[in-house]
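Take a look at the structure set out below.
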There are 2 protein chains.
Amino acid sequence: MMQTEKRWDSLSKPPKSLGKLEELIIQLAGIQENPLPEIGKKLVLCYAGDHGVVKEGVSPSKQIVTAEMVKNFANGGAAISVLAKQNGAALTVINTGMANPIDHPKVLQMSIAPGTGNMAEGPAMTRDQAKRAVELGFQLTKRHIKEGVSLIATGEMGVGNTTSASAIYACMTGLKPEEITGTGAGLLPEKVPHKAQIIQRALKINHPDPKDPLSVLVAVGGFELAAMLGTMIAGAVYRCPIVVDGFISGAAAVLAMTFHREIRNYLIFSHSSGEKGFQEVCRKFSIDPLVDLKMQLGEGTGSVLIIPLIENSLACYHQMATFEEAGVTEVVQ
Amino acid sequence: MMQTEKRWDSLSKPPKSLGKLEELIIQLAGIQENPLPEIGKKLVLCYAGDHGVVKEGVSPSKQIVTAEMVKNFANGGAAISVLAKQNGAALTVINTGMANPIDHPKVLQMSIAPGTGNMAEGPAMTRDQAKRAVELGFQLTKRHIKEGVSLIATGEMGVGNTTSASAIYACMTGLKPEEITGTGAGLLPEKVPHKAQIIQRALKINHPDPKDPLSVLVAVGGFELAAMLGTMIAGAVYRCPIVVDGFISGAAAVLAMTFHREIRNYLIFSHSSGEKGFQEVCRKFSIDPLVDLKMQLGEGTGSVLIIPLIENSLACYHQMATFEEAGVTEVVQ
């Protein structure tokens with residue numbers, strides 16, 4: 001990382017003037033243990049799962065929409081399908097626990113259960129299910145890294161999963177549910193207080209321990225979030241950068257960084273979120289996403305959009321002339 | 001633009017959830033008068049010019065660096081050279097008034113004079129020179145648009161041009177020089193008050209009229225900034241989006257929007273700037289740049305970096321399935 005920083009300073013531009021682009025390559029050098037890092041194969045892992053809590057009216061969409069959108073992902077019609085293709089990333093869609101599984105050659109079937117339990121009535125999942133979901137993401141990610149993938153963008157689909165993410169944030173940050181609960185994918189503002197009350201109830205009856213990420217998944221998690229946690233752990237173990245998307249993917253990241261604080265060095269936070277309370281979460285966990293394009297879509301769209309930024313940074317790092325090569329006078333003060 | 005917004009809402013995602021990506025395409029539809037806009041040939045116009053005010057010690061770089069960097073641009077070793085190539089944009093470097101012109105087949109020679117006058121002693125240029133520099137940018141841009149360029153990113157090189165830009169902002173916003181004067185490309189912080197005093201003196205002795213952009217160029221401008229103003233005017237006249245870079249390019253944009261307020265509809269503000277006072281300028285002129293990657297380089301690097309965002313937006317807009325095509329249930333509330 002120090003060698004990489006030194007090379008940046010030798011290139012024909014004011015020192016540090018490429019800002020976060022320079023930091024990205026320094027991070028990548030650390031991840032790859034290589035002062036001249038490269039990115040080859042890119043992959044989006046898009047985890048789908050359903051949430052029992054939708055019975056409580058926390059989402060404007062019916063649960064069938066998870067299945068409909070997963071089909072749309074696989075058929076190439078969704079935003080994430082288009083953006084993955086546009087940025088040269090392969091897209092893998094994984095059923096981690098859909099209530100209405102769809103049979104499609106492009107959807108990996110790794111379902112833990114047909115949706116989580118209703119967190120407002122009891123735990124979302126058993127401890128064994130949580131472990132299996134994390135393991136699923138870990139093994140899948142490990143396999144892809146071993147096969148040569150060098151950048152993994154995370155994405156998800158699951159009607160009701162902003163409720164799960166908000167509950168995770170509330171537990172992990174100590175924010176009150178009403179401080180970290182928003183409209184998600186189109187909930188009417190007048191229904192947000194009800195959503196926050198459901199989260200309040202779920203945290204009360206399932207009493208997760210913020211120091212034990214697995215207990216948080218058991219209490220209020222989703223299978224797709226657990227699998228994503230597995231991906232982030234594998235990224236750190238097998239030295240591959242994992243791109244964090246927005247609000248949902250960020251909840252998995254908060255669990256991952258609590259599980260082991262070194263994992264944050266392998267995460268690239270891509271897009272901010274306008275969802276209520278997210279700025280406060282960022283402050284508490286020192287998260288500083290690269291961009292904020294006022295997107296609120298999920299699916300992994302934010303993670304994939306920053307791939308060109310990484311590739312542009314790499315291009316500058318590898319192709320720019322040094323002061324010496326260019327014959328440009330360096331400022332010495 | 002209304003048709004474009006309607007199409008966005010028909011695509012299989014929560015309405016408006018692609019945020020600024022949706023707004024970009026709506027803007028583009030308006031510029032091209034086409035509900036299905038496209039971007040074809042992309043061009044970076046990189047204007048170089050020198051500034052007499054460097055005699056006052058406002059920059060840590062010697063004036064020869066303008067020439068050295070222009071050569072670096074043309075030889076492909078600078079950040080803008082690499083980024084233009086990486087994003088499929090042609091790069092044209094134009095000598096609008098270098099003190100040390102370099103003879104290079106890739107540098108267009110359109111010099112108005114070998115650098116501006118020292119604004120601390122008198123006007124930076126004559127009114128005739130200002131007009132000719134604006135005209136130069138206008139005609140060059142017109143020609144490129146007529147030849148099929150559909151996106152123009154602006155960039156610049158000129159030792160001392162943050163002094164000119166700060167002076168323009170001070171004049172156009174009423175901010176005091178010390179409120180809008182920063183370190184530029186590496187000036188030591190303790191020398192910034194002197195730079196602000198020079199700007200103060202220049203504004204006092206040359207008394208530009210903020211309602212008359214040409215008078216501002218005459219007083220404290222640069223030839224590269226004048227040419228860039230010409231580019232922005234031509235973009236509006238010939239309906240081509242012009243991407244504004246950061247601090248320097250933003251000063252030309254402020255002049256352009258004052259020259260005619262409709263010009264702003266043809267401008268895409270790419271990158272914010274950490275230069276002192278820029279946030280206040282953005283507030284006063286309702287400028288909301290797409291990204292802030294903490295870059296402070298200029299050259300057009302910010303403008304070129306957002307090309308992938310535009311292309312990703314276009315890909316979504318043209319390739320995503322509608323709710324109907326995808327068979328996804330729309331939320332109706």
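Lettering of chains follows the sequences in order, A, B, ..., and the numbering in each one begins at 1.
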Contact winner vs chain B - Gly76(A), Pro308(A), Ser17(A), Gly302(A), heavy-atom pairs under 4.5 Å: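 Sorted descending by pairs with chain B, the first entry is Ser17(A).
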
Using a 4.5 angstrom heavy-atom cutoff, name the option from Asn87(A), Ile307(A), Asp292(A) with the most pairs to chain B.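 Of Asn87(A), Ile307(A), Asp292(A), Asn87(A) has the most heavy-atom pairs under 4.5 Å with chain B.
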
Pick one of side chain, backbone, both or neither for [X], based on which atoms fall under 4.5 Å of a heavy atom in chain A.
X: Ala78(B); result: backbone
X: Glu311(B); result: both
X: Ile64(B); result: side chain

Contact listing (chain A partner; residues 268-276 of chain B; heavy atom under 4.5 Å): none

Would you mind telling me which of [options] has the largest number of heavy-atom pairs within less than 4.5 Å of chain A?
options: Ser61(B), Ala67(B), Cys316(B), Pro14(B); answer: Cys316(B)
options: Glu325(B), Gln319(B), Lys294(B), Gln86(B); answer: Gln86(B)
options: Val304(B), Val65(B), Leu83(B); answer: Leu83(B)

For the CG atom of Leu297(A) and the CD atom of Glu22(B), what is their distance to the nearest 0.5 Å?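 Here the rounded value is 9.0 Å.
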
Can you tell me how far CD of Gln296(B) sits from NZ of Lys13(A), rounded to the nearest 0.5 angstrom? 12.0 Å

Chain B neighbours within residues 156-166 of chain A, where any heavy atom lies under 4.5 Å away: none

Using salt bridge (charged side-chain N to carboxylate O under 4.0 Å, His left out) as the criterion, list what pairs up with Lys71(B), not counting sequence neighbours. none

Sequence neighbours excluded, which residues qualify as side chain to side chain donor-acceptor pair (under 3.5 Å) partners of Gln27(B)? none

Quick check on Asn75(A) against chain B: is it the side chain, the backbone, both or neither that has a heavy atom closer than 4.5 Å? neither

Cut-off 4.5 Å, heavy atoms of chain B, and the answer for Val328(A) is both

Are Leu21(A) and Leu305(B) side-chain neighbours, meaning at least one heavy-atom pair lies under 4.5 Å? yes

